[in-house]
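Worksheet: one structure, shown below.
In the text below, chain A, chain B and the rest are named by the order of the sequence lines, each starting its count at 1. Below, each value reflects all heavy atoms present in this structure, side chains not excepted, and no hydrogens, waters or symmetry copies. Everything quoted here is computed from the prediction, not taken from an experiment.
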Amino acid sequence: MNRTAKRTLRSARLAWPWLVLIIISAILILLRDSYPQIIAYPDGLTLPLADWVNVGADWFIAHAQSFFRALAEGLGFAFILVQNILTGLPWLTLALIVALVAWQGGGNRLAALSVAGLLYVLISGYWVQTMNTLSLVVVALPLAVILGFAFGYLGYRSKAARKIIMPVLDLMQTIPAFAYLIPILLLFGFGPVVGLVASVIFAAPPMVRNTVLGFQSIPPAILESARMSGCTGWQRFLWAELPTAWRQMLIGINQTTMATLSMIIIAAIIGGFEDIGWEVLSSMRKAQFGQSLMSGLVIVVLAILLDRITSAYAARQLPTASFAGLPTLHFFGLIVVVTGLSIAASYVIPGLWRWPEWAVWSPAQDINKWTETFLIRYGSAMDTLKNTATYFVLLPVKIGLEKAIVPFTWGVTFVPAAKTAYWAIATLFCLVAFALGAWRLGIALIIGLAFLYFGATGLPWVSVLGFAMLLAYQLGGWRLAAFVGGSTAYLLVNGIWQQAMLSVYLCSVAVLICIVFGGLLGIWGASSKWASNVIRPINDMLQTLPQFVLLIPALMLFQVGEFTALLAIVAYAIVPMVRYTEFGLRSVSPTLIDAGISSGCSPWQLFWQVRLPQALPQILIGMNQTVLYALGMLVIAALVGTTGLGQLIFLALGRADAGAGLVAGLGMALLAMTVDRILQAVVRRM
Amino acid sequence: MPESSNAAAAKVAPKKAKLSVRNLWKVYGTDPEGVTSGGFAEMPLERKLSHVRDADHFVAAADVSFDVAEGEIFVIMGLSGSGKSTVLRCLSRLVEPTKGEVFLDGEDLLKANPRGLIELRRHKMGMVFQDFGLLPHLDVVQNVAFPLKAQRRPREERRALAREMIELVGLKGKESSYPHELSGGQQQRVGIARSLAANPELWFLDEPFSALDPLIRSQMQDEFLRLQKQLLKTIIFVTHDFLEALKLADRICIMKDGQIVQIGTPAEIVLHPADAYVREFIGDVPLANVLAAEDVMAPAHEDGKDHPQVQRRTILDEAIKLFDDNTVTVDVVDDDGHVVGALHPLAVIRALYHDDIVADI
């Protein structure tokens with residue numbers, strides 16, 4: 001027997017569980033026409049989990065609703081109070097206060113940025129809506145911060161509490177926020193308060209995390225020196241722990257602020273009033289892209305200002321910070337004086353109180369016209385792009401080449417001879433890989449090609465379950481396999497398999513695009529300082545923007561549909577891939593690079609053999625984040641007409657069906673956690 | 001071995017002990033109390049150790065006993081993991097000992113209630129840490145005044161006291177700097193000033209100079225000795241640096257695996273190492289700089305001749321310069337000029353090159 005044959009046999013011996021599964025899958029697929037339940041999970045085997053949840057929820061609501069409604073009243077009162085203040089005060093006063101707060105945090109540049117941002121809001125005519133949104137933020141933020149701090153400090157003090165809090169946080173951050181909007185809706189009734197409560201719950205986790213982190217990273221010597229100085233427990237907390245953890249907590253406040261804003265905007269979907277999120281949403285629904293773009297930009301301004309101001313206060317805590325601002329008492333004195341003076345001035349000159357109509361200028365109508373002209377002129381080109389992507393990329397992944405290749409779109413028929421050739425080539429590739437000893441590559445090739453042939457929705461569920469568990473077992477042992485098997489089974493028995501596979505399909509295309517283009521952008525950023533300087537602010541902006549603003553430009557150009565959703569998902573999820581690739585490549589130790597160069601590596605070899613392998617763990621973390629981001633964006637993208645779990649959640653939201661919403665939401669969370677754990681197992685094995 | 005040296009230590013300990021540690025144990029694990037109760041007290045030490053380890057518990061300090069006299073510099077020396085820092089932390093109850101007694105002026109510290117413990121720390125103890133433990137948001141004066149703030153002393157009083165301390169440690173002019181603006185050596189001076197601010201009787205130093213550059217470290221050691229001459233605190237000083245221990249200590253306590261290996265003055269340890277472990281440390285020591293004439297002298301040599309004289313605390317490195325072709329005896333004299341002993345070349349060689357090497361000469 002020659003060596004090639006020996007190696008092939010050895011590969012086959014190592015890959016036997018995979019080969020067995022492949023053969024079983026092939027048999028299942030051959031039988032699928034006579035037994036449709038091979039592809040579609042039989043309805044008879046589902047559990048009515050959603051109904052049970054609803055029964056439980058109904059019981060709970062019946063008993064607890066009065067309490068929560070009372071709470072809603074209280075929150076509603078606080079909100080109306082703040083709203084009246086913010087919309088009642090002269091714009092001049094508010095603008096000056098914001099500018100002063102910005103200056104105190106970050107000096108002249110930040111103050112100038114704030115003034116410019118607020119001027120945009122005034123001129124575009126969205127001042128009142130912005131103040132309404134801001135009122136919600138002002139009420140929700142302190143609640144989220146206090147709640148987050150309380151749980152964070154509890155987690156720091158008690159190990160038992162931490163063991164409960166941390167997994168709950170993980171779960172909360174992977175379940176799409178919409179899923180838990182529904183129970184809140186049922187408990188609190190409709191109206192702005194729902195958004196308020198939802199954003200408190202949604203925004204508290206980063207505060208919890210940063211509080212725990214801040215307190216845990218206090219140097220032990222500081223704690224001991226405080227004890228040795230004779231501090232009582234309370235003195236130690238107030239004078240040593242809190243000030244030392246303060247900067248990390250301010251970082252938490254920054255993240256919590258952004259999450260609050262983002263959730264308040266999103267909550268417009270379930271019950272907008274005259275806030276800026278509703279403005280964007282309703283103009284988007286009316287296809288008034290000029291208006292939605294202008295109001296979307298207001299959200300961008302709001303997000304950037306809140307982000308920069310809160311992070312400036314966190315940065316100011318660094319011991320090396322150069323800017324200190326005024327002493328606190330002087331600062332507040334100044335605020336009081338400025339407020340008084342500006343109110344007095346506004347009494348005299350009414351234009352300082354209400355922004356005059358004649359000073360409002362919005363190019364929304366013009367943008368609508370330009371878009372129209374653009375679409376008339378380049379519409380066919382855009383359609384070609386969209387159709388090409390849909391027919392040659394999206395559809396094959398969704399329903400498989402087998403069904404996607406039709407004369408109408410591809411111009412050819414997938415004749416049996418071509419199908420035979422396809423499988424022959426797949427088998428040949430696999431055999432070659434086996435002969436080279438790379439059995440993993442061979443198996444991956446054949447599974448990938450089969451996936452492309454049958455599509456995400458045409459695979460037997462037994463095979464998906466089997467392959468997922470086998471992969472998990474080989475990567476992370478029985479525990480991981482059990483988790484993956486359990487998650488898959490959850491999707492099956494709840495009867496949301498079809499939708500889950502649709503979500504998998506859209507996500508996997510988006511993630512693939514992100515990995516390729518994000519990876520390339522990351523490499524480019526790592527290779528040139530100039531490129532890095534261009535890429536970074538764009539990344540910052542994409543990440544600061546409330547997610548559904550990303551839908552606007554895509555929607556303007558490509559109308560409702562999966563391609564539009566895909567673009568929005570890619571725009572959002574590509575950021576971590578770019579960031580981590582660049583970071584990973586940049587943080588390869590210079591010694592290793594020197595060693596590579598002195599070993600005589602060409603630049604090409606240096607990249608492939610030194611820098612890339614060293615950066616790979618970071619890149620994998622980036623990939624992991626990208627998957628999580630893509631799944632998170634999927635729900636928002638359902639607004640522009642995708643199918644899958646995101647759509648299920650939306651439908652449940654419309655019907656106020658807590659059970660269905662939670663089941664689908666948990667399904668998405670399990671998908672995300674499965675991918676997360678598998679990728680982490682890969683990182684651990686490296 | 002450890003037991004006998006412990007017993008020896010208790011015997012030779014000065015009569016007036018400021019701080020006495022008796023049979024101190026610190027055991028880590030799931031149930032340290034349970035493991036060290038029952039028949040534990042009756043077991044011999046070796047049994048105790050194996051008993052605790054068999055129960056999957058970790059012994060950080062095993063049956064540690066020593067006395068520290070008022071005004072003494074007592075150095076606990078050991079490698080990392082030897083339990084030296086644990087013992088120090090047990091004395092201030094930053095770590096709660098599992099078993100044992102710690103007497104300060106005859107009163108058991110381990111019986112103090114939480115409130116009493118805070119009072120003890122406020123008035124009786126000061127501590128310096130390896131990585132300083134300065135509060136980053138406070139300036140130098142505020143850091144030094146921190147223990148006084150905890151005592152709720154009036155603001156002006158505590159600032160005045162803090163300024164005094166800052167001057168004492170040679171940081172005048174840096175009062176309003178923040179820790180990140182200071183060098184490591186300066187930061188540790190702040191740490192020292194803070195530990196002394198409340199005028200404690202006990203001064204604990206946990207590897208205070210280990211994080212500093214060698215040159216700065218040596219300066220700080222001199223500074224430390226100067227301060228102690230002025231202040232006369234009762235000091236427990238922890239270090240992993242044997243040379244530092246020799247330079248600073250009145251007595252050294254060498255620890256290994258949570259147990260005391262030997263307690264003695266620097267000269268005792270260098271001349272009579274308790275075992276091979278201690279001997280290994282001595283290997284690199286420039287003995288001529290550590291040992292003094294009195295450490296190796298023989299009884300006075302009464303032959304009626306005049307011999308060159310050397311002061312009893314002169315280090316050998318200096319004393320041996322007096323030997324020449326005609327001089328084989330040097331008289332050792334005390335501060336009043338009385339001859340108290342004689343120095344012979346062979347004794348000096350024996351001491352410098354360790355007994356075992358020159359035993360056959």
Side-chain angles (χ1 to χ4, degrees), chain A residues 104-105 156-160 163 210-211 213-253 312-329 331, chain B residues 85 88-89 91-95 114-139 142-153 158 177-182 187-188 190-191 194-195 197-198 200 202-208 211:
Chain A
Q104 172 79 355
Y156 160 65
R157 289 303 291 264
S158 148
K159 203 174 162 189
K163 271 190 181 151
N210 281 289
T211 306
L213 182 66
F215 276 90
Q216 277 182 339
S217 49
I218 300 173
I222 284 188
L223 294 177
E224 288 191 329
S225 69
R227 285 169 76 185
M228 285 309 291
S229 297
C231 284
T232 61
W234 177 243
Q235 287 175 333
R236 191 165 79 233
F237 170 74
L238 208 59
W239 295 341
E241 293 180 334
L242 198 59
T244 316
W246 186 237
R247 200 182 83 80
Q248 193 66 44
M249 281 167 57
L250 281 177
I251 292 174
I253 292 178
Y313 276 88
R316 217 182 55 162
Q317 298 295 318
L318 280 178
T320 47
S322 53
F323 185 81
L326 287 173
T328 315
L329 272 181
F331 174 67
Chain B
S85 283
L88 182 69
R89 279 168 172 66
L91 303 185
S92 55
R93 283 178 63 187
L94 285 174
V95 168
R115 188 66 228 178
L117 186 60
I118 285 175
E119 287 306 317
L120 271 170
R121 287 175 182 158
R122 281 183 180 174
H123 300 290
K124 300 268 170 113
M125 301 172 180
M127 183 157 171
V128 183
F129 299 87
Q130 177 175 3
D131 27 21
F132 321 138
L134 301 180
L135 290 163
H137 63 288
L138 301 181
D139 66 17
Q142 289 168 324
N143 260 301
V144 174
F146 190 77
L148 304 170
K149 187 179 174 187
Q151 295 179 23
R152 305 190 179 288
R153 300 252 206 120
R158 63 184 195 236
S177 303
Y178 283 85
H180 71 270
E181 297 166 328
L182 303 175
Q187 290 192 44
Q188 194 56 297
V190 179
R194 176 179 62 187
S195 69
L202 287 176
W203 197 14
F204 298 140
L205 298 103
D206 183 21
E207 304 218 28

State, with a plain yes or no, whether a side-chain heavy atom of A:Met228 is found less than 4.5 Å away from one of B:Phe204.
yes
On a heavy-atom basis, the closest approach of B:Pro136 and A:Ile222 is CD-CD1, 3.8 Å
Against chain A, work out which of B:Gly191, B:Ser195, B:Pro147 has the most heavy-atom pairs shorter than 4.5 Å and name it.
B:Pro147
Testing the basics here: between A:Ala221 and B:Asp131, what is the closest heavy-atom pair and its distance to 0.1 Å?
CB-OD1, 3.4 Å
I'd like to verify something: which residue of B:Lys149, B:Met125, B:Gln151, B:Arg194 has the highest number of heavy-atom pairs under 4.5 Å with chain A?
B:Lys149
With sequence neighbours excluded, what pairs up with A:Glu224 under the side-chain contact (heavy atoms from CB on, under 4.5 Å) test?
B:Arg89, B:Leu94, B:Phe129
So which part of B:Leu134 gets closer than 4.5 Å to some heavy atom of chain A, the side chain, the backbone, both or neither?
backbone
side-chain hydrogen bond (donor to acceptor under 3.5 Å, both in side chains) partners of B:Ser85, counting only residues at least two apart:
B:Asp206
Chain B-proximal positions within residues 235-242 of chain A [heavy-atom distance under 4.5 Å]:
A:Gln235, A:Trp239, A:Ala240
Grab the two heavy atoms, one from A:Thr244 and one from B:Leu135, that are nearest each other, plus how far apart they are.
OG1-CD2, 4.0 Å
Of the listed B:Pro179, B:Ala150, B:Pro200, B:Ser92, the one with the largest count of heavy-atom pairs under 4.5 Å with chain A is B:Ala150
Got a donor-acceptor contact below 3.5 angstrom from the A:Ser229 side chain to the B:Phe146 backbone?
no
B:Arg115: which residues meet the salt bridge (Lys or Arg N to Asp or Glu O under 4.0 Å) condition with it, sequence neighbours left out?
B:Glu119
Is there a side-chain contact between A:Pro243 and B:Leu138 in this structure, where contact means two heavy atoms from C-beta onward sitting under 4.5 Å apart?
no
